[in-house]
Each structure stands twice: as structure tokens, then as C-alpha cells.
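The structure appears below as C-alpha cells.
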Number of protein chains: 2
Amino acid sequence: MTSDGTVGKALEVLDQVAAYGRPVRFSELLAASPFPKPTLYRFLQTLTNQRMLAYDPDRQTYSPGVRLVRLAHAAWEQSTLAPIARPHIDALSAAVGETVHLAQLDHAQVLYIDKRNANKPVQMFSQAGKVGPAYCTGVGKVMLAFCDPAVIAAVIEQQSFHRFTAATLTTPAALRTELSAIRANGYGFDREEHEPGIICIAMPILSDGGRVLGALSVTSTTSRTNLAGLESYVPILQDTASKIARDAQSWSFPDHDAKEPTGR
Amino acid sequence: MTSDGTVGKALEVLDQVAAYGRPVRFSELLAASPFPKPTLYRFLQTLTNQRMLAYDPDRQTYSPGVRLVRLAHAAWEQSTLAPIARPHIDALSAAVGETVHLAQLDHAQVLYIDKRNANKPVQMFSQAGKVGPAYCTGVGKVMLAFCDPAVIAAVIEQQSFHRFTAATLTTPAALRTELSAIRANGYGFDREEHEPGIICIAMPILSDGGRVLGALSVTSTTSRTNLAGLESYVPILQDTASKIARDAQSWSFPDHDAKEPTGR
DNA sequence: CACCTTGGTTTCATTATATGAAACTAGGTT
DNA sequence: AACCTAGTTTCATATAATGAAACCAAGGTG
């Protein structure tokens with residue numbers, strides 16, 4: 001399961017390159033790679049040919065390639081809540097005037113899908129596409145809380161439980177207690193667990209069947225407000241979440257436009 | 001060259017799925033695929049396993065997967081002009097109050113990397129990651145104009161020269177004439193060639209060595225202004241482009257933070 | 001109800017492809 | 001000149017991809 005065939009391995013390499021937040025040399029990759037030298041070399045060549053990686057001949061470094069940007073555009077539009085949620089997020093953002101996040105669960109991580117920065121013009125991708133830990137973010141905990149017990153167990157298994165702040169939950173037991181509280185409440189908080197001074201309230205987006213579709217959150221700072229202050233957003237958050245869930249359900253892709261694939 | 005090995009073929013399938021703007025069934029893909037049934041089937045399985053594709057068991061459809069969004073984030077931050085250009089684009093957008101695009105050339109197509117919508121809050125990905133034709137967009141023609149003659153020939157070869165409007169340049173000859181004019185001027189226009197009523201002025205972003213790094217454009221409508229009106233933006237566009245080029249040059253990724261790959 | 005058709009999945013012998021030890025090359029260093 | 005180090009190429013071998021054919025499961029349809 002860990003690696004299906006040649007393409008699985010190639011994608012592993014792609015991930016590895018992407019994980020360094022900077023252009024990276026062959027030798028660096030080799031040192032950290034399970035693959036022998038020529039194998040890794042050929043993978044890099046293939047991926048570069050395919051524009052999945054970009055190669056800088058001067059510095060002899062690899063970085064993720066532009067073809068990914070093109071593909072991700074399609075993924076974002078078709079396989080995420082973002083396009084459906086957009087108008088609702090806009091409304092929410094305008095109403096609360098704070099930073100709003102939309103997230104989904106990917107693997108065992110939180111994937112941020114969209115964002116509204118009340119003040120500044122929004123910075124694309126700069127947040128969308130970013131990943132975060134599930135055990136110490138508002139959206140992460142809220143989504144996890146409403147997952148299948150089996151899924152919860154599997155995800156908890158994969159958390160690092162790294163201590164970011166004094167408030168970080170650093171044990172599976174503590175997290176499980178928190179998850180029960182969230183299930184009882186219907187929503188959750190981030191109590192400076194990831195970054196000091198940063199707090200948020202998070203609301204799950206649940207389908208009729210109770211399946212977790214995603215989550216949204218309103219973030220602020222301890223200098224501007226407190227948990228009780230954030231709690232006043234509960235009604236509008238619930239309203240927004242249920243509207244998104246409704247739209248997601250009805251829009252089961254009813255043919256859309258039935259258009260042919262875009263020619264080359 | 002057209003397909004290197006197994007991963008090349010798998011990525012071809014991935015592209016095919018992305019090309020439909022909607023979830024797509026196995027049989028549809030099969031009909032349009034060069035691969036025999038079981039081969040295609042296995043590719044789809046592998047890609048789904050790898051979260052490069054998402055499979056909806058109810059509707060039995062495939063669509064691009066969320067892993068792409070994560071990877072694209074890295075690509076966008078490392079392999080495009082966007083992060084460098086961001087502050088300059090912000091300033092430009094604020095100054096002109098019109099829609100601003102940042103684009104790069106990918107393969108033979110224009111890839112939009114960033115965008116500012118003067119009025120509305122920016123819609124992520126909704127434009128970034130989008131592709132457009134090179135022969136009938138302002139940014140496309142401007143970038144092409146300053147490419148190597150060999151590259152120009154190759155790119156022209158691949159254009160469809162589909163007529164979108166009455167003003168669309170529909171022959172290689174017409175396009176080549178236009179490119180010479182752009183080289184002479186230093187910038188170019190879109191004279192409703194792609195969409196009626198939509199005009200723009202585009203400026204190339206050139207390195208010291210004269211290499212094309214990308215292009216930016218200011219878009220408006222014929223109801224609000226005309227080509228002469230757009231031409232008044234030339235100074236600020238030139239200024240912005242040269243600033244971006246300068247920053248791109250100096251920031252040759254000087255170690256950044258030399259951080260280790262982010263643990264799973 | 002039996003029969004077909006269409007869309008999706010599995011088998012398995014064959015073949016092509018990926019693999020990686022080792023050899024090689026090109027720049028730097030001592 | 002001898003000697004590293006980082007990157008690239010060779011080639012016999014093992015492994016993994018391939019695709020014809022068979023199979024299965026739903027919907028039709030006579």
C-alpha cells in the first residue's frame with residue numbers, strides 16, 4: 001500500500017522535493033532518499049520532462065513545477081468545497097470583519113482551501129494549499145471530532161503532538177477529551193494552541209448524513225477579543241456552515257456544461 | 001519524447017481527467033484514451049490511491065484530487081514570479097484601480113499566476129492556475145514577442161488560431177507582424193481579440209539578459225476606456241515590471257531559511 | 001423470466017521497463 | 001599531477017507493466 005508501482009515512487013519523489021521549502025540539489029535529495037542514485041536521478045529527469053518539477057541548470061536545483069499550478073486549478077474547482085462556499089464565505093467575512101478560513105481534511109492533515117483577510121487584499125495560494133496540523137488547530141479538531149471512530153484513531157496515530165505553545169494538547173488522551181467536548185458543543189476553539197496570541201472559533205460543515213465535508217473558522221487575537229467574544233459568532237457560523245452543506249448536497253455536479261475536454 | 005515511461009503515461013491520464021471541467025466516468029475516459037481498458041483502469045486506481053485523483057463511488061466519477069492543491073502551493077511559492085511580484089502588483093492594482101494580471105508562459109500557453117480585482121475581494125485559484133491562449137491575449141503576445149526566434153516558431157506551431165472575435169489574429173503571418181510591432185514598442189494590447197468589449201495593455205517582464213520572465217497586464221472594457229486611455233499606464237507598468245525583474249534577479253533563493261523538509 | 005447489452009473489474013502469460021551495481025566524466029582541491 | 005566530490009551513463013538482471021480475454025453485475029428488453 002505504501003507505494004503502488006513506479007508512479008507511486010515517482011510521486012514520492014515529487015512530494016520530497018515539495019517538502020523542502022526551497023530549490024534543492026540532487027545530492028541533498030539522494031541523502032534523504034530511499035532510492036539508489038540512478039533511480040532517483042531518472043525520476044527527477046522524468047518529472048522535469050513532464051514539468052512536474054522545474055530544474056535550474058545554473059544552480060543545479062529542482063523545485064516543484066508549474067504544471068502543478070495548472071492541475072491544481074482544476075482540482076480546486078472540482079474537488080473542493082471552495083467554489084460552492086465562496087459566496088457564503090464572502091458574506092461571512094464581510095459580516096464579522098475578521099480573518100476567515102475554509103479547510104478540508106486531507107490524509108491526516110488540515111488543508112486550507114480558501115481564506116478571507118478582512119483588511120488587506122487576499123493573497124492567493126499564499127494560504128490556499130497550505131497544510132497544518134489537525135490536533136492543534138480549530139478547524140482540525142472540529143473536523144476530526146465528527147469523523148468515524150476508526151478514522152479518528154487512525155488520524156490520532158499520525159499526529160506529531162509537537163508542543164507549539166503552553167496550551168497545545170500534547171497527548172492523544174487530552175485530544176480525545178477535547179473532541180468529546182466539541183461533539184457535545186457542536187463547535188470548537190483554538191485556545192492559543194498553535195500560536196501564542198492567536199485564537200479562533202471553528203465550525204464543522206456537515207452533510208445531512210453527518211459526514212464531515214470541511215470546516216470554517218474565524219480567527220482573531222487575544223489583544224482584540226477573547227473566547228467569549230468569538231462565541232458570539234456561533235449563530236452566523238452555524239448559518240454559513242449549513243448553507244454551504246446544503247449547496248454542496250444539491251450541487252452534485254448536474255452535468256454542469258457537459259463540455260468536451262479543452263483542446264491541448 | 002512524447003511519453004517517458006510509465007509515469008509519463010500516468011500523468012497523461014491525469015491531464016486528461018483535469019481537461020474535462022467536471023467529474024468524468026471511466027467509460028468516457030476510455031473512449032478518448034489511447035490506452036486499453038485494463039491499463040487505463042489501473043492508472044486511475046493508482047492515481048486515486050495517491051490522491052492525485054478523487055473518486056466518487058456513488059456517481060463512479062473521477063476528478064482531480066486534493067493532493068494537487070497542496071503540491072501546487074509549493075510550486076506557486078517557489079517556481080513562479082508571484083511571491084516576488086506580490087507587493088508590486090498590489091501597488092499597481094491600488095494605483096490603477098483596474099483588474100491586473102500576472103502571467104507566465106508554460107509550454108505554449110499562457111498561465112495566469114496571480115490577479116487583482118480592484119473592486120471585489122480576490123477569488124483565489126479562480127484565476128491563478130487558469131490557462132489561456134498565447135496568440136490572442138495581451139500577456140501571451142507580449143511574452144512571445146521577446147522569446148527566442150526558435151521558441152516563437154515552435155509556439156506558433158502549436159496555436160489553434162481559433163477565431164474568438166472579429167479582431168482575433170487568425171494566421172501565423174498576422175501574429176508575426178503583431179509581434180514585430182510589440183518588439184518595436186516594448187508593450188502590446190489586446191484589442192478585443194479574445195472577448196468582445198474587453199481590452200488590455202500588457203507589459204513584458206524581462207531579465208537583464210533580455211530573457212522573458214513573465215508579463216503583467218491591466219484590463220478594462222471598451223465602455224470604460226479605450227486603447228489610448230490604457231496607454232497612459234505605460235510608465236507605471238514599465239516601472240512595476242522592472243522592479244519585479246530586479247527583485248527576481250537578486251532573489252536567487254539565497255538559502256531562504258535552509259530548513260529541513262517538513263515532517264509528514 | 002430468460003436473454004442480451006453495457007460498464008466496470010480481474011486473471012495471467014508475455015513483454016517491456018525499471019532497476020541499481022559499477023564504471024565513467026567533469027569540476028574543484030590539495 | 002593526483003585526488004576528491006557531485007553528477008551522469010552503461011548494461012545485465014529482475015521486476016513490473018501490459019492487454020487479450022474472461023468475468024461479473026446491473027439494467028434493460030423481448
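Here is the naming used below: chain letters follow the sequence lines, and residue numbers restart at 1 for every chain.
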Heavy atoms, side chains only, cut-off 4.5 Å: are A/His73 and B/Val131 in contact?
-> no

So, do A/Asp114 and A/Trp76 sit near enough that their side-chain heavy atoms are less than 4.5 Å apart?
->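 They are in side-chain contact.
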
Pairwise C1' distance for D/dC23 and D/dG19, with rounding to whole Å =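 Straight-line distance between the two C1' atoms is 15 Å.
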
Terminal axes of the helix from C/dT9-D/dA22 to C/dT30-D/dA1 (five pairs each): angle between them, nearest 10 degrees =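 Rounded to the nearest 10 degrees, the bend comes out at 30°.
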
With rounding to the nearest 0.5 angstrom, report the [atom1] to [atom2] distance, [X] to [Y].
X: B/Thr46; Y: B/Leu53; atom1: OG1; atom2: CG; answer: 10.0 Å
X: B/Met143; Y: B/Gln104; atom1: CE; atom2: CD; answer: 8.0 Å
X: B/Thr168; Y: B/Leu175; atom1: OG1; atom2: CG; answer: 11.5 Å
X: A/Leu81; Y: A/Leu216; atom1: CG; atom2: CG; answer: 9.5 Å
X: B/Arg183; Y: B/Leu144; atom1: CZ; atom2: CG; answer: 8.5 Å

Answer with base, sugar-phosphate or nothing: what part of the nucleic acid does [X] contact at a heavy-atom distance below 4.0 Å?
X: B/Thr6; result: sugar-phosphate
X: A/Pro36; result: sugar-phosphate
X: A/Thr39; result: base

Starting at [atom1] of [X] and ending at [atom2] of [N], how long is that distance when rounded to a whole Å?
X: A/Phe35; N: C/dG20; atom1: CZ; atom2: P; result: 9 Å
X: B/Leu30; N: C/dG8; atom1: CG; atom2: C1'; result: 10 Å
X: B/Gln60; N: C/dT6; atom1: CD; atom2: P; result: 17 Å
X: A/Asp4; N: C/dA18; atom1: CG; atom2: P; result: 16 Å
X: B/Gln45; N: C/dG8; atom1: CD; atom2: P; result: 13 Å

For the pair B/Tyr112 and B/His101, name the ring-plane relationship: parallel under 30°, tilted 30 to 60°, perpendicular over 60°.
->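 Ring orientation of B/Tyr112 relative to B/His101: tilted.
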
For B/Phe161, check ring pair (Phe, Tyr, Trp, His ring centres under 6.0 Å) against everything at least two apart and list the hits.
->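 Expected list: B/Tyr135.
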
Can you list, pair by pair, the side-chain donor-acceptor contacts under 3.5 Å of residues 28-40 of chain B, counting residues two or more places apart and other chains?
unit_1  : atom_1 : unit_2  : atom_2 : d
B/Glu28 : OE1    : B/Arg22 : NH2    : 3.1
B/Glu28 : OE2    : B/Arg25 : N      : 3.2
B/Ser33 : OG     : B/Phe35 : N      : 3.0

Contact interval (first through last nucleotide) of DNA chain D with protein chain A, 4.0 Å heavy-atom = D/dG7 to D/dA17

Results of side-chain contact (heavy atoms from CB on, under 4.5 Å) for A/Tyr55 - residues two or more places apart only = A/Thr48, A/Pro57, A/Gln60, A/Tyr62

Nucleotide by nucleotide, nucleotides 24-30 of chain C touches protein heavy atoms under 4.0 Å in the pattern (B base, S sugar-phosphate only, - none) -------

Tell me which of B/Val7 and B/Tyr62 sits closer to the 5' end of DNA chain C, going by the nucleotide each one is nearest to.
-> B/Tyr62

Judged by nearest nucleotide, the residue sitting upstream toward the 5' end of DNA chain D, A/Glu28 or B/Arg42, is A/Glu28

Expected output: side-chain A/Arg51 to main-chain A/Gly65 donor-acceptor under 3.5 Å =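 No.
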
B/Arg25 (side chain) and C/dG8 (base): donor-acceptor pair under 3.5 Å | no

